[in-house]
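One structure is given here, and the rest of the page talks about it.
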Amino acid sequence: MKIAIINGPNLNLLGKRETDIYGNMSFDQFLSQLKAKYPQVVFSYFQSNVEGELINEIQKTGYEYDGIVFNPAGYTHTSVAIGDAIAAIKAPVVEVHISNVHAREDFRKLSHVSGKSAGSIFGLGLKGYELAIEYLLSRTS
Ligand code: DQA
C-alpha cells in the first residue's frame with residue numbers, strides 16, 4: 001500500500017505557526033509517528049508553498065499511489081487548477097484540514113478540492129491525517 005501525503009503552503013511551519021490553531025507539533029515529528037504506526041504503508045511526503053509544484057506532485061503520485069492525503073492549505077479556497085488536477089488522476093484523494101474551516105472566516109468555507117475528493121476531514125487536528133489513512137487502508141482490505 002502506497003500513500004502520498006501532500007501539504008500545501010505554510011504547513012512547513014507547523015509547530016511554530018499560529019499554534020493556538022494548528023498545535024505545537026512539527027509535521028516531521030508527526031510523520032515519524034505515522035510511519036511507526038503504519039509499518040505496512042509506504043509513505044511519500046511532499047510539501048510546497050508553490051501551487052504548480054503541488055499540481056506536479058498530484059499528477060506524479062496520482063497514477064502511482066493507492067491514495068493521497070492532501071491538505072491544500074490556503075490554495076483550497078482559491079485554486080481551480082488544483083481541483084482540476086485531483087479530478088484528472090486515478091488515486092482517491094482525502095482532503096484534510098487541521099482546523100475547522102467552517103468555524104473560521106467565510107472565505108475558508110469555499111473549497112475547490114472537496115467536490116473532487118473521495119471525502120474531506122476538517123477540525124480534528126493532526127488526527128485527521130490518521131483518519132484519512134485509515135479510510136484509504138479500508139478501501140483495499
Ligand atoms: C488549513 C486551513 C486553511 O484555511 C489555511 O489556509 C491553512 C491550513 C488547515 O489545515 O486547517 O493554511 O488547510
Side-chain angles (χ1 to χ4, degrees), residues 1-140:
M1 177 82 177
K2 287 167 72 179
I3 295 180
I5 301 176
I6 304 177
N7 272 339
N10 302 305
L11 292 170
N12 54 315
L13 298 179
L14 276 185
K16 294 185 209 158
R17 163 195 191 202
E18 297 177 280
T19 52
D20 50 322
I21 300 175
Y22 299 113
N24 293 303
M25 190 178 282
S26 73
F27 203 81
D28 281 350
Q29 277 174 291
F30 180 62
L31 189 59
S32 305
Q33 291 182 8
L34 285 180
K35 285 180 177 167
K37 182 159 182 188
Y38 300 102
Q40 75 277 34
V41 176
V42 175
F43 286 107
S44 72
Y45 177 59
F46 182 81
Q47 188 279 329
S48 178
N49 297 323
V50 179
E51 186 176 12
E53 288 182 3
L54 292 166
I55 292 169
N56 286 342
E57 188 68 11
I58 291 163
Q59 291 186 3
K60 191 175 112 193
T61 53
Y63 290 94
E64 268 179 38
Y65 279 68
D66 301 300
I68 300 177
V69 179
F70 185 28
N71 185 344
Y75 287 135
T76 309
H77 320 298
T78 62
S79 179
V80 171
I82 284 181
D84 286 347
I86 293 170
I89 59 169
K90 288 254 184 304
V93 172
V94 182
E95 176 190 16
V96 172
H97 297 286
I98 296 164
S99 66
N100 184 347
V101 284
H102 293 282
R104 300 178 65 190
E105 301 95 326
D106 278 350
F107 68 83
R108 293 187 205 275
K109 293 179 183 154
L110 169 68
S111 170
H112 291 284
V113 170
S114 299
K116 309 285 164 61
S117 299
S120 306
I121 299 170
F122 48 84
L124 304 182
L126 291 172
K127 186 86 189 161
Y129 290 84
E130 216 171 296
L131 295 170
I133 291 163
E134 293 285 347
Y135 166 72
L136 291 171
L137 285 170
S138 77
R139 282 176 62 111
T140 55

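Just so you know, residue 1 is the first one in the sequence shown, and it goes up from there. In listed order, ligands and their atoms are each counted from 1.
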- Query: How close does the nearest protein non-hydrogen atom get to atom 9 (C) of ligand 1, and which residue and atom is it?
  - Reply: Ile98 N, 3.3 Å

- Message: Tell me the closest heavy-atom pair linking Arg139 and Ala118, and the distance in Å.
- Response: NH1-CB, 4.5 Å

- More than 12 non-hydrogen atoms from neighbouring residues, nucleotides or ligands closer than 6.0 Å to NZ on Lys109, yes or no? yes

- Task: Provide the number and element of each atom of ligand 1 under 4.0 Å from a heavy atom of Val101.
- Result: 2 (C), 4 (O)

- Query: Would you say the side-chain atoms of Thr76 and Glu95 include a donor-acceptor pair closer than 3.5 Å?
  - Reply: no

- Purely on distance, is any nitrogen or oxygen of His97 under 3.5 Å from one on ligand 1? yes

- Message: Does Leu137 form a side-chain contact (heavy atoms from CB on, under 4.5 Å) with Tyr38? I'd like the steps, not just the answer.
- Response: CA-CA 10 Å; Leu137 285 170; Tyr38 300 102; 3.7 Å; yes

- All heavy atoms of Gly128 vs all of Val96, minimum pair found to be O-CG2, 3.8 Å

- Message: Heavy atom to atom 3 (C) of ligand 1, shortest distance: which of Glu105, Arg17, His77, Lys109 holds it?
- Response: His77

- Task: Answer with yes or no whether the side chains of Tyr129 and Asn71 bring together a donor and an acceptor at under 3.5 Å.
- Result: yes

- Within less than 4.0 angstrom of ligand 1, does Tyr22 place any heavy atom? yes

- Asn10 touching ligand 1 at heavy-atom level, < 4.0 angstrom: no

- Item | Within reach of ligand 1, part of Arg108 (heavy-atom separation under 4.0 Å) | side chain

- In terms of its nearest heavy atom to atom 11 (O) of ligand 1, the top option of Ser99, Gly74, Gly128 is Ser99

